[in-house]
Amino acid sequence: MSKAALKVLVVGATGSIGRLVVDEAIRQGHDVRALVRDLRRASQLHKGAQRVVGDLTRTDTLIAAVDGVDAIVFAHGADGGGKVGAEQVSYGGVRNVLAALHGRQVRIALMTAIGVTNRTGSYNRSTEAHDWKRRSERLLRTSGLPYTIVRPGWFDYNTADQHRLVLLQGDTRQAGDPSDGVVARTQIAQVLVHSLTSASATRKTFELVAERGYAQEDFNSLFASLAADTTGDVDGVRDADNMPLSQEPERVREDLRRLASPQAHEA
């Protein structure tokens with residue numbers, strides 16, 4: 001992908017990662033549009049970002065937000081709400097934005113979480129947050145859109161000398177605490193935005209953590225070291241096969257069928 005400036009929509013723009021994504025995308029020379037639910041919450045966003053109001057739970061309110069964009073960064077989260085919030089926002093937000101695109105081809109970067117394939121931990125059992133984030137990943141892999149899926153470690157638990165980025169695959173770190181890996185919020189934002197213009201990041205799913213050492217500047221080399229997701233597979237490369245499609249809710253399977261249909265990819 002070229003380094004030409006893109007029109008980038010940031011979903012979850014007022015969140016702790018989303019605000020930094022807005023800043024980083026503008027720093028990299030992109031034209032940024034921030035999706036917000038309430039303009040009053042957008043006062044702290046970079047003045048160079050265009051604000052657009054929309055509700056992730058309603059596709060009809062997202063048409064204007066996606067109009068004319070070249071790329072979308074999903075940095076949103078359910079912010080509580082339990083199982084209902086996880087489905088309606090973490091998953092439903094991705095589904096509804098994709099539906100609002102009406103098959104237009106755009107570049108996507110989606111942030112989920114390290115440990116997202118861990119279904120048996122107490123956190124997922126009580127909230128289903130991992131399951132619904134993982135389902136949002138599956139939507140992207142089925143959509144036919146060029147994407148990068150980033151699963152960051154624990155935000156800002158890194159020490160002052162801990163900025164050397166390490167990209168992992170297979171989601172094997174599942175302790176459910178910072179021992180799984182840590183990373184600075186600013187670096188998460190950098191990786192998400194850099195992935196939009198890197199051909200090496202296309203169709204890659206990875207966990208993002210930081211180890212002791214200096215931050216790298218060559219993001220393309222980091223992305224190039226990874227294996228791409230297998231075409232036609234709903235899960236990330238090397239992920240555990242512990243979420244059979246045959247056992248998924250019918251509404252989820254219907255969303256996947258709709259995205260996989262030829263009509264879903266019409267421009």
Report yes if the side chains of F206 and V191 come closer than 4.5 Å at any heavy-atom pair, otherwise no. yes

d(D67 CG, L62 CG) to nearest 0.5 Å is 12.5 Å

With R51 via side chain to side chain donor-acceptor pair (under 3.5 Å) - residues at least two apart: none

Any side-chain donor near an acceptor of the partner, E24 and T186, under 3.5 Å: no

With ring-ring contact (aromatic ring centres under 6.0 Å, His included) as the rule and sequence neighbours excluded, what pairs involving residues 229-249 come up? none

How about D171 and I114: do any of their side-chain heavy atoms sit closer than 4.5 Å? yes

In sequence, state the C-alpha distance, the side-chain angles, and the governing distance for V237 and R203, and then conclude on side chain to side chain contact (heavy atoms under 4.5 Å, CB included). CA-CA 10 Å; V237 64; R203 232 173 68 248; over 6 Å; no

From R135 CZ over to L140 CG, what is the distance, rounded to the nearest 0.5 angstrom? 15.5 Å

Taken to the nearest 0.5 Å, the spacing of L98 CG from R258 CZ works out to 11.5 Å

Classify the side-chain pair S221/D218 by whether it contains a donor and acceptor separated by less than 3.5 Å. yes

Report yes if the side chains of T61 and V53 come closer than 4.5 Å at any heavy-atom pair, otherwise no. no

By salt bridge (charged side-chain N to carboxylate O under 4.0 Å, His left out) - contacts of D23 (at least two apart): none

Applying ring-ring contact (aromatic ring centres under 6.0 Å, His included) as the test, list every pair that has at least one member in residues 124-146; sequence neighbours left out. Y91-W132, Y123-H130

Relative to the ring of Y157, is the ring of W154 parallel (under 30°), tilted (30 to 60°) or perpendicular (over 60°)? perpendicular

Pairwise side-chain contact, L56 with L35, heavy-atom cut-off 4.5 Å (strictly under): yes

Under a 4.5 Å cut-off applied to non-hydrogen side-chain atoms, are V73 and M111 in contact? no

Would you mind listing every salt bridge (charged side-chain N to carboxylate O under 4.0 Å, His left out) that reaches into residues 145-169, with sequence neighbours excluded? E137-R151, R151-E207, R151-D239, D156-R185, D161-R212

Which value, rounded to the nearest 0.5 Å, describes the distance between T14 atom OG1 and L39 atom CG? 11.0 Å

Check: Q105 and P146 side chains under 4.5 Å, non-hydrogen atoms: yes

Is it true that a side-chain atom of K204 and a backbone atom of F223 form a donor plus acceptor pair closer than 3.5 Å? yes

Would you please name every residue forming a side chain to side chain donor-acceptor pair (under 3.5 Å) with Q187, sequence neighbours left out? none

Between the side chains of T205 and D229, does any donor sit under 3.5 Å from an acceptor? yes

For R33, all residues meeting side chain to side chain donor-acceptor pair (under 3.5 Å), sequence neighbours excluded: Q50

Looking at N118 and T120, would you say the former's side chain and the latter's main chain have a donor-acceptor pair under 3.5 Å? yes

Flag, side chain of Q216 to backbone of L165, donor-acceptor distance under 3.5 Å: yes

Pairs involving residues 38-74, ordered by first then second residue, that meet ring-ring contact (aromatic ring centres under 6.0 Å, His included) (sequence neighbours left out): F74-H76

Could you state whether Y147 and L101 fall into the same hydrophobic cluster, counting links through intermediate Ile, Leu, Val, Met, Phe, Trp or Tyr residues with side-chain heavy atoms under 4.5 angstrom apart? yes

Would you say T148 and R107 are linked by a side-chain donor-acceptor pair, where the criterion is simply a distance under 3.5 Å? yes

Residues forming a side chain to side chain donor-acceptor pair (under 3.5 Å) with E250, sequence neighbours excluded: R253, R257

Please determine whether side chain to side chain contact (heavy atoms under 4.5 Å, CB included) holds for the pair I149 and R141, giving the CA-CA distance in whole Å, both sets of side-chain angles, and the decisive distance to 0.1 Å. CA-CA 9 Å; I149 296 171; R141 297 190 189 99; 3.6 Å; yes

Do the side chains of V166 and L226 join up, straight or via other hydrophobic residues, at under 4.5 Å, putting them in one cluster? no

How many angstroms lie between CG in D31 and CG in L9, if you round to the nearest 0.5 Å? 11.0 Å

Carefully, step by step, assess R119 and D131 under the rule salt bridge (Lys or Arg N to Asp or Glu O under 4.0 Å). CA-CA 7 Å; R119 308 194 69 195; D131 284 354; 3.0 Å; yes

Between D235 and R134, is any pair of side-chain heavy atoms under 4.5 Å apart? yes

Exactly one of T59, T57, D55, D60 clears side chain to side chain donor-acceptor pair (under 3.5 Å) with N96, and that residue is T59

Using 0.5 Å steps for rounding, measure from the CZ atom of F155 to the OG atom of S16. 5.5 Å

With no hydrogens and no angle check, is any side-chain donor or acceptor of S195 less than 3.5 Å from a backbone partner on L192? yes

Nearest heavy-atom contact between S90 and S136 is O-CB, 3.6 Å

Stepwise side chain to side chain contact (heavy atoms under 4.5 Å, CB included) check, Q28 with H194: CA-CA 9 Å; Q28 291 190 32; H194 276 288; 3.3 Å; yes

Residues that R125 engages under salt bridge (charged side-chain N to carboxylate O under 4.0 Å, His left out), provided they are two or more places apart: none

Between M243 and L110, is there shared hydrophobic-cluster membership here, with clusters defined by ILVMFWY side-chain heavy atoms closer than 4.5 Å? no

Across all chains, not counting sequence neighbours, the salt bridge (charged side-chain N to carboxylate O under 4.0 Å, His left out) partners of D180 are none

Within the 4.5 Å heavy-atom criterion, are L256 and L245 side-chain neighbours or not? yes

ILVMFWY cluster, V209 and I188 together (side-chain gap under 4.5 Å): no

By side-chain contact (heavy atoms from CB on, under 4.5 Å) - contacts of R37 (at least two apart): R41

Does CG belonging to D177 count more than 12 external heavy atoms closer than 6.0 Å? yes

Check whether L20 and L208 end up in the same hydrophobic cluster, where Ile, Leu, Val, Met, Phe, Trp and Tyr are linked by side-chain heavy atoms less than 4.5 Å apart. no

Before giving the answer on side chain to side chain contact (heavy atoms under 4.5 Å, CB included), spell out for D255 and R138 the whole-Å C-alpha distance, their side-chain angles and the decisive distance to 0.1 Å. CA-CA 10 Å; D255 288 338; R138 288 177 161 186; over 6 Å; no

